[in-house]
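These notes are about the structure you will find just below.
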Amino acid sequence: MRLGIIGLPNSGKTTIFNALTRSNLPTGAATSGQFEVHTAVVPVPDTRVDRLKAMYNPKKTTYTQVTYVDIGGLDKGIGEGGLKGQFRNELAQLDGFLHVVRTFEDPNVPHPYDTVDAARDVEALDGELLLSDLVMVESRLEKLDAEIKRKGRTMEKAQLDEIEMMKRLKDALEASTPLRDLGLSDDEMKPYRGYGFLTLKPALIVLNSNENTKDTGFTYAHQNASVVALQGRIEAELAQLEPDDAAIFMEEYGITELSASKVIRLSYELMNIHSFFTVGEDEVRAWSVRIGATAPEAAGVIHSDLQKGFIRAEVFNYDDLITLGSEAALRTAGKFKLEGKEYVVKNGDIVHIRFNV
Ligand SMILES: Nc1nc2c(ncn2[C@@H]2O[C@H](COP(=O)(O)OP(=O)(O)OP(=O)(O)O)[C@@H](O)[C@H]2O)c(=O)[nH]1
Ligand SMILES: [Mg+2]
């Protein structure tokens with residue numbers, strides 16, 4: 001999973017990147033106006049993994065991971081004629097966005113439009129993403145149009161289908177509807193995945209707040225999107241401290257829980273993936289798989305050999321394990337199952353793959 005942190009200049013992208021990844025990149029108009037990318041890999045906090053670790057006492061414990069990419073240089077007006085090469089490429093490869101919006105008041109930090117207005121700022125950048133997708137769709141339609149003129153009735157079905165789809169997408173984009181709102185299925189969009197449509201990607205709006213932030217009443221009514229608030233600067237400072245010092249600091253500021261872990265979790269949940277686990281003496285490990293994936297597909301996440309040679313999956317669920325207390329009790333209760341190729345993996349499944357290569 002690769003999540004891009006985007007936002008207007010000076011909105012606090014790098015500050016939030018530091019908070020989420022415990023990095024210490026310089027902030028403060030560091031990247032304004034230029035394309036710059038920083039990357040860090042972060043384990044996704046999961047109390048279930050902690051609990052499994054306590055039960056199995058493994059040599060090693062591994063959480064699933066998310067990669068955050070701090071992307072500087074995106075601004076209103078940049079997408080005229082379409083986002084350019086490197087920029088569009090970087091954005092197209094992402095699985096989703098953390099869209100940072102400034103809601104903190106601070107006279108010492110200049111705002112590109114002078115005032116703090118979350119709705120206006122979100123729209124400004126969303127407008128760029130919509131435009132970039134529209135340019136992509138229009139260029140596809142132009143190419144296909146030229147093909148029609150050349151080939152006429154010998155045009156392939158796939159191309160005719162694409163024309164239909166691109167027209168549909170064009171209508172939506174022209175009405176400022178992000179493509180994720182169309183409710184298109186993975187199957188429908190599969191042939192066009194390579195285009196990397198930006199407004200199709202899930203988005204978590206992160207309101208970068210501070211103690212002076214008033215309730216903005218900001219809402220974002222789109223599919224595959226949600227909104228969370230975070231005190232960027234304080235959390236970035238906390239992320240630099242040792243846990244004990246952080247605790248003292250948090251008490252001083254009246255913070256009971258860090259939002260950074262909440263944001264990591266929310267951004268993970270938004271990606272239409274969920275976790276399954278493998279357990280044993282050697283390792284307790286969480287893995288990510290697409291929601292709706294079958295057992296062989298999940299096996300493939302662990303190793304391609306396990307998918308190729310898949311025979312069966314031994315499966316029980318984390319919740320049942322906690323309720324019943326042990327694997328033995330699970331067996332007695334009939335909650336320990338042997339599943340075949342069609343089995344759809346559930347959130348929190350603990351699997352052991354039987355395979356043969
Ligand atoms: N008061 C206050 N200042 C903040 C907060 N978050 C970020 N800032 C300040 O805002 C300025 C911009 O923060 P950055 O994290 O560099 O913003 P950015 O979006 O990465 O900026 P560019 O990469 O230059 O576009 C810095 O001076 C930060 O210290 C906050 O919660 N409160
Ligand atoms: Mg920055």
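Start at 1 and go down the list; that is how both ligands and their atoms are numbered.
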Which residues pass the side chain to side chain donor-acceptor pair (under 3.5 Å) test with Asn18, not counting sequence neighbours?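 Testing Asn18 for side chain to side chain donor-acceptor pair (under 3.5 Å), a comparison that skips the adjacent residues, returns none.
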Where does the angle between the aromatic ring planes of His222 and Tyr220 fall among parallel (under 30°), tilted (30 to 60°) and perpendicular (over 60°)?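 Perpendicular: the ring planes of His222 and Tyr220 meet at over 60°.
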Look at the rings of Phe17 and His38 and say which category their plane angle falls in: under 30° parallel, 30 to 60° tilted, over 60° perpendicular.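 Tilted, since the angle between the ring planes falls between 30° and 60°.
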Is any side-chain heavy atom of Trp287 closer than 4.5 Å to a side-chain heavy atom of Phe277?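 Heavy-atom side-chain distance check fails, nothing below 4.5 Å.
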For atom 27 (O) of ligand 1, tell me which residue out of Gly12, Ser209, Gly28 has the closest non-hydrogen atom.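 When every heavy atom of Gly12, Ser209, Gly28 is considered, Gly28 comes closest to atom 27 (O) of ligand 1.
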From the options Thr15, Asn10, Asp106, select the one whose nearest heavy atom is closest to atom 14 (P) of ligand 1.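 It is Thr15 whose heavy atom sits nearest to atom 14 (P) of ligand 1.
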Is it true that some N/O/S atom of Thr14, main chain or side chain, lies under 2.8 Å from the Mg ion (ligand 2)?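 It does: Thr14 brings an N, O or S atom closer than 2.8 Å to the Mg ion (ligand 2).
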Polar proximity ligand 1 side, Asp70 side, N/O cut 3.5 Å exclusive: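 Min N/O separation from ligand 1 is not below 3.5 Å for Asp70.
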With a 4.0 Å heavy-atom cut-off (strictly under), which part of Thr14 contacts ligand 1: side chain, backbone, both or neither?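 Both of them.
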For ligand 1, is any non-hydrogen atom under 4.0 Å from Ile16's backbone (N, CA, C, O), its side chain (CB onward), both, or neither?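 The answer is neither.
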Among side-chain atoms of Gln159 and Glu147, is any donor-acceptor pair under 3.5 angstrom?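 Yes, because at least one side-chain N or O of Gln159 sits under 3.5 Å from a partner of the opposite role on Glu147.
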Identify, by atom number and element, the atoms of ligand 1 in contact range of Val109, meaning under 4.0 Å from any of its heavy atoms.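 Near Val109, the atoms of ligand 1 are 9 (C), 10 (O), 11 (C).
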Could you list which atoms of ligand 1 come closer than 4.0 Å to a heavy atom of Pro9?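 Every atom of ligand 1 under 4.0 Å from some heavy atom of Pro9: 25 (O).
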For Thr103, run the side-chain contact (heavy atoms from CB on, under 4.5 Å) check against Val206, Leu207, Asp121 and tell me which one passes.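 Single pass found, and it is Leu207.
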Does Arg312 count as lying over the ring of Phe310, i.e. NZ or CZ under 6.0 Å from the six-ring centre, within 45 degrees of the axis?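 Because its charged atom misses either the 6.0 Å distance or the 45° angle limit, Arg312 does not stack over Phe310.
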Does some non-hydrogen atom of Ser11 fall short of 4.0 Å from ligand 1?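 Yes.
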